[in-house]
Structure formats: structure tokens, C-alpha cells
Amino acid sequence: DAEGAVNIEYVVTTGNQWVNWQGFKLFYKGLSKEELMVSLKSTIDEATSLYGDGSGKGADALKATVDASSAVYSDAGATNTELKGAIDALVLAMKNYRYSNASEENPIDMTNLIVNPSFEQKTEGWTVEGLVSQTNTSFTQKKGSTYLEKWTGAGGRIGDASVMQTIVGLDKGIYQLKVAAQNIQQNSSATQTGAWIVANDSKVDVNKTADYTLTFTNIENETTIGFLADDATGNWLSVDNFRLYYIGGTDADYKIELQR
């Protein structure tokens with residue numbers, strides 16, 4: 001059940017060869033036992049390192065899975081199915097352990113769930129209104145070669161703009177969304193209004209050039225994140241470098257979110 005690409009090459013060595021391509025079937029037979037053993041050993045080592053001194057939340061459950069998987073690894077008669085099952089059990093146990101121990105000081109990086117988080121593929125994966133790709137270096141907070149902006153002459157008001165993306169399948173929990181953004185009036189130090197970093201119903205004001213952090217609780221199967229301007233007073237909007245981190249969450253947190 002994996003996705004990927006398979007390249008088939010046929011080399012013609014003379015000008016008189018006839019090639020007829022038809023009826024191809026491709027079968028995946030899985031990893032060999034030796035390959036599964038190597039993978040299991042690597043996963044056991046990773047889980048053992050994660051367990052550390054055993055002081056984390058849920059350490060006993062992780063250790064029990066490590067011990068059970070080590071027993072499978074040591075069993076010369078273990079089947080491929082048993083080896084694969086031990087790997088899968090360890091991967092799940094490590095995920096649960098990391099989630100149990102996540103915090104602001106020890107976040108889990110979930111940025112891979114965002115399509116094109118730094119706009120290096122321009123606006124692919126995003127719904128954009130009023131913003132355009134820019135590759136200059138004027139926006140000092142940008143990452144990579146591309147950011148999004150909307151600009152009008154100094155003293156003018158930029159008005160409305162947005163860039164939004166919906167993430168489907170995000171686990172329930174508390175998250176931090178970090179974004180480089182600005183809503184400024186060039187040649188003026190006055191605080192601007194009308195722009196926000198958003199995640200569902202949560203938002204934080206964008207009123208200068210900075211790296212912003214929005215903490216929000218997710219209880220739904222999908223979360224919409226982005227940068228929104230509504231009658232923004234600045235003459236220059238810029239945004240780049242979206243990052244997403246899981247930092248924990250309890251049933252009490254979810255209850256509070258439901259009551260908002």
C-alpha cells in the first residue's frame with residue numbers, strides 16, 4: 001500500500017530490433033527477512049534512545065514494546081509477518097510516547113503536513129487572494145527565495161488579502177503556528193491594524209515585521225491556517241515560512257475549546 005514511481009528502461013543496441021510492450025504486471029513482494037531484521041534493529045535502537053533514562057510520561061509502555069520487539073528480533077524462527085508487526089508496534093509506541101511528552105519546550109514538528117510552507121513552489125497548495133509571489137530580499141523575515149506580498153505606495157492602505165490552506169487529518173491537540181509576516185506603513189512607525197495569522201477561529205494580530213506565534217487548540221478533523229487582511233491599514237503586507245508544532249493537550253483543554 002505504498003505510492004511511488006517505477007522506471008522501466010529498454011536499451012536498443014542495434015537498429016534492427018523490434019520491441020512490443022504489452023501485458024505488464026508489477027508485483028510487490030515486500031522486504032526480505034534480512035531487510036526486515038535490519039529495519040527492526042534500527043527501530044529498536046531509535047526507541048531505546050527515545051526511552052532514555054525512563055523518566056518520561058508513558059515510559060513503561062514504550063519499554064514494554066521495546067522488550068517485546070527485542071524478543072522477536074532474537075527469535076531466529078520469527079516470520080516476516082512477526083518482524084513487520086514488531087516494527088509497526090514500535091513506530092506506534094514511539095508516536096504515543098512523543099505525543100505524551102510534547103510541550104512548548106519539547107514540541108513535535110508537524111510542518112510536513114503543510115503543503116509548500118515557505119512558498120518555494122509559489123502558491124501551490126494555497127488559496128490566495130490579493131497576494132503575489134516575490135523573490136527580492138526586501139522582506140527581512142523571509143526564508144528561501146520566495147515570499148508573498150501585497151504592496152501599494154507609502155501612505156496608501158492595502159485593504160484586503162489572504163492566503164489560506166486546510167490541513168486534513170490533524171490530530172486533536174494544542175498546536176503552535178509560527179509565521180513570518182508583516183503589516184507595515186513604510187516611512188512610519190505607527191502600529192498598523194487589520195491583519196492576522198489565523199488557525200480556525202483563533203488569530204493573532206500582525207502589526208509590524210516579525211515572526212509571529214499563534215497557539216490554538218484543534219478538536220476537529222481539519223484545520224484551516226493562514227494569513228488574513230481585512231481593511232488592513234498598512235501599505236505593505238508580506239508573509240512566509242509557516243511552521244506547525246504539536247505541544248500537548250488534555251481532555252480539559254478540549255472541553256474548554258468546545259465551550260468557546
Side-chain angles (χ1 to χ4, degrees), residues 1-11 19-103 105-117 121 125 165-176 218-223 243-251 253-254:
D1 296 329
E3 296 183 357
V6 176
N7 296 319
I8 300 175
E9 180 180 3
Y10 186 89
V11 179
V19 180
N20 181 17
W21 297 82
Q22 61 179 324
F24 272 91
K25 290 184 178 181
L26 184 65
F27 299 93
Y28 174 69
K29 296 186 177 181
L31 298 176
S32 67
K33 182 170 183 176
E34 290 75 16
E35 290 170 325
L36 285 169
M37 291 283 287
V38 170
S39 180
L40 178 54
K41 179 61 168 61
S42 175
T43 310
I44 289 171
D45 290 344
E46 181 183 356
T48 300
S49 176
L50 181 63
Y51 173 80
D53 63 5
S55 61
K57 298 177 184 177
D60 289 345
L62 177 60
K63 182 63 163 56
T65 306
V66 170
D67 290 344
S69 298
S70 296
V72 173
Y73 179 79
S74 299
D75 181 5
T79 65
N80 284 15
T81 299
E82 290 170 332
L83 293 168
K84 180 65 165 55
I87 294 169
D88 291 342
L90 277 172
V91 169
L92 179 60
M94 287 191 290
K95 177 183 177 181
N96 291 339
Y97 182 81
R98 288 188 174 104
Y99 270 62
S100 295
N101 290 276
S103 65
E105 296 74 28
N106 185 39
I108 300 174
D109 191 344
M110 310 291 284
T111 305
N112 64 296
L113 298 178
I114 304 175
V115 177
N116 187 26
Q121 285 74 52
Q165 182 174 144
T166 298
I167 302 173
V168 178
L170 191 66
D171 290 331
K172 184 167 61 176
I174 300 177
Y175 292 82
Q176 283 189 337
N218 177 59
I219 57 174
E220 304 293 339
N221 183 55
E222 61 181 39
T223 297
R243 289 143 287 154
L244 183 64
Y245 301 91
Y246 174 86
I247 60 171
T250 66
D251 288 340
D253 296 319
Y254 309 143

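Counting from 1, the numbers follow the sequence of the chain as shown.
No donor-acceptor distance shorter than 3.5 angstrom exists from the side chain of Asn218 to the backbone of Tyr175, with no hydrogens or angles considered. Remark: side-chain polar atoms of Asn101 are paired, donor with acceptor, to backbone N or O of Lys57 under 3.5 angstrom. At least one donor-acceptor pair closer than 3.5 Å links the side chain of Gln165 to the backbone N or O of Val115. In this structure a side-chain-to-backbone donor-acceptor pair under 3.5 Å is present from Thr111 to Leu244.
Judged as a ring-ring contact (aromatic ring centres under 6.0 Å, His included), the pairs with a partner in residues 49-103 (not counting sequence neighbours) are, in order, Tyr99-Tyr246. Residue pairs satisfying the salt bridge (charged side-chain N to carboxylate O under 4.0 Å, His left out) criterion with at least one member in residues 85-96, sequence neighbours excluded, are listed as follows: Lys84-Asp88, Lys95-Asp171.
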If you look only at distance, which donor and acceptor atoms sit under 3.5 Å apart when one is on a side chain in residues 35-42 and the other is two or more places apart or in another chain?
from: Glu35; atom 1: OE1; to: Ser32; atom 2: N; distance (Å): 2.9
from: Glu35; atom 1: OE1; to: Ser32; atom 2: OG; distance (Å): 3.3
from: Lys41; atom 1: NZ; to: Asp45; atom 2: OD1; distance (Å): 3.0
from: Lys41; atom 1: NZ; to: Asp45; atom 2: OD2; distance (Å): 2.9

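Scanning for salt bridge (charged side-chain N to carboxylate O under 4.0 Å, His left out) contacts around Asp75 gives an empty result, with sequence neighbours left out. Residues meeting the side-chain hydrogen bond (donor to acceptor under 3.5 Å, both in side chains) test with Ser49, sequence neighbours left out: none. The salt bridge (charged side-chain N to carboxylate O under 4.0 Å, His left out) check on Asp67 picks up Lys63, with sequence neighbours excluded.
Rounding to the nearest 0.5 Å places CD of Glu82 at 12.5 Å from CD1 of Ile87. Taking CG of Asn221 as the start and NZ of Lys172 as the end, the distance is 12.0 Å to the nearest 0.5 Å.
Considering Leu90, Val66, Thr48 as possible partners of Thr43, the one that fulfils the side-chain contact (heavy atoms from CB on, under 4.5 Å) test is Leu90.
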